[in-house]
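Just so you know, residue 1 is the first one in the sequence shown, and it goes up from there.
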Amino acid sequence: MRRFIAASIFFLGLLTLWQAGAESGRWSPVLFPSPWSVGAYLWDALLDGTLLEAIWVTLKRLLVGYTVGAMIGLPLGLLASSSQTLEDTLGALALGLQTLPSVCWVPLALLWFGQTEGAMLFVVVMGTVWSVIIATDHGARTIPPIYARAARTMGSRGLHLWTMVMLPASLPFLVSGMKQGWAFAWRSLMAAEIFVTILTGFGLGQLLHYGRELNAMDQVIGAMAVIVLIGLLADRVLFSPWERFMHRRWGTNIG
């Protein structure tokens with residue numbers, strides 16, 4: 001309860017400062033709208049269905065791309081952790097490409113796939129897979145060696161060793177990596193939606209982009225607020241509980 005009150009006071013203070021800045025007259029309302037103007041836009045967009053449709057389109061793209069990226073990155077991460085040679089090659093490649101800004105994949109996606117959903121999917125997958133590879137590799141290498149030696153003593157070999165011993169033991173680190181992959185996928189999708197214009201659905205990135213084109217700062221700030229809110233909810237509802245549970249379950253929680 002104390003944490004909730006402290007957070008509420010903090011965000012109410014931010015809204016108060018925002019409102020005071022908007023009422024000061026120092027900036028044009030067109031360029032610096034008040035919280036009430038942004039709230040009015042969000043309410044109208046909610047009533048006419050524009051906001052809900054944009055959220056649905058964006059989340060659908062995100063879930064598909066993130067799932068594909070995780071399914072590719074998980075086995076590749078385990079593979080990279082299996083030998084030093086693969087760590088020096090595949091692991092180094094993943095580490096290098098992870099540092100590449102997500103927007104850099106957009107021109108390549110447009111050249112390969114055109115203005116299609118495939119371009120969106122490609123950018124999201126590229127934003128996800130490298131983080132998952134690095135997290136899986138790190139998690140598997142962090143496992144105490146006694147686990148693998150004990151499993152081999154009891155006859156575990158090959159695929160059974162990795163799927164029944166190494167993978168479960170690395171789960172606390174994998175959940176953290178999956179959360180990081182989600183964050184990268186989210187950023188990648190926003191970059192793709194801003195630069196890729198398709199008629200199969202307008203997401204939050206397109207709302208942000210067209211708000212800029214129309215000089216509608218209430219739409220721009222409103223779309224940004226929704227993007228931040230979805231990111232916070234995903235962390236608090238999906239990842240943080242599992243992350244805490246896994247660390248407690250495996251005794252790796254140092255907090």
If I compare all heavy atoms of [X] with all of [Y], which pair ends up nearest, and what's the gap?
X    : Y    : result
L42  : V226 : CD2-CG2, 3.9 Å
V124 : A185 : CG1-CB, 3.9 Å
S34  : Q19  : CB-OE1, 3.6 Å
A80  : G91  : CB-N, 4.5 Å

Would you check if [X] and [Y] make a side-chain contact, meaning some heavy-atom pair closer than 4.5 Å?
X    : Y    : result
L59  : I230 : yes
I134 : Q98  : yes
W182 : L63  : yes
R61  : L121 : no
F202 : V57  : no
L108 : W112 : yes
W43  : L47  : yes
M120 : F113 : no

Has F195 got more than 12 heavy atoms of other residues, nucleotides or ligands less than 6.0 Å from its CZ?
->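 No - once you tally the heavy atoms of other residues, nucleotides and ligands closer than 6.0 Å, there are 12 at most.
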
Notebook entry, point to check: Is atom CH2 of W27 surrounded by more than 12 heavy atoms (other residues, nucleotides or ligands) closer than 6.0 Å?
Noted result: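 Above 12, so yes.
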
What's the spacing between [X] [atom1] and [Y] [atom2] if we round to 0.5 Å?
X    : Y    : atom1 : atom2 : value
S188 : Y66  : OG    : OH    : 12.5 Å
L204 : E53  : CG    : CD    : 11.0 Å
I55  : L229 : CD1   : CG    : 8.5 Å
T50  : D44  : OG1   : CG    : 9.5 Å
W18  : L15  : CH2   : CG    : 7.0 Å
F11  : T16  : CZ    : OG1   : 13.0 Å

Grouping I, L, V, M, F, W and Y whenever their side-chain heavy atoms are under 4.5 Å apart, do [X] and [Y] come out in a common cluster?
X    : Y    : result
L95  : L74  : no
F184 : V125 : no
L100 : V106 : yes

### Task
Test I133 against L93 for side-chain contact (heavy atoms from CB on, under 4.5 Å), laying out the working first.
CA-CA 10 Å; I133 289 176; L93 176 66; over 6 Å; no

side-chain contact (heavy atoms from CB on, under 4.5 Å) assessment of I194 paired with Q206
CA-CA 5 Å; I194 288 174; Q206 273 104 4; over 6 Å; no

inquiry  = Check whether T136 reaches the backbone of V132 with its side chain - one donor and one acceptor, N or O, closer than 3.5 Å.
reply    =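 Judged by distance alone, yes, a pair lies under 3.5 Å.
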
Only distances under 3.5 Å count here; give the side-chain donor-acceptor pairs of residues 210-220 to other protein atoms, sequence neighbours excluded, each with its distance to 0.1 Å.
residue, atom, partner, partner atom, Å
R212, NH2, H209, ND1, 3.4
Q219, NE2, L207, O, 2.8

Exercise for review: Take the angle between the ring planes of F122 and W105 and call it parallel below 30°, perpendicular above 60°, tilted in between.
Suggested key: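 Ring orientation of F122 relative to W105: perpendicular.
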
Check your understanding: Can S131 and Q180 be counted as having a side-chain donor-acceptor contact under 3.5 angstrom?
Key ->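 Not at all, the side chains of S131 and Q180 share no donor-acceptor pair under 3.5 Å.
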
Do we see a donor-acceptor contact under 3.5 Å between the side chains of T58 and E193?
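There is such a pair between these side chains.
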
L189 and V123: CA distance, side-chain angles, deciding distance, side-chain contact (heavy atoms from CB on, under 4.5 Å) verdict
CA-CA 7 Å; L189 180 57; V123 175; over 6 Å; no

* **Set of ring pair (Phe, Tyr, Trp, His ring centres under 6.0 Å) partners for W130, sequence neighbours left out** =>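 Expected list: none.
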
For L90 and T85, what are the C-alpha separation, side-chain angles and deciding distance, and is it a side-chain contact (heavy atoms from CB on, under 4.5 Å)? CA-CA 8 Å; L90 180 59; T85 300; over 6 Å; no

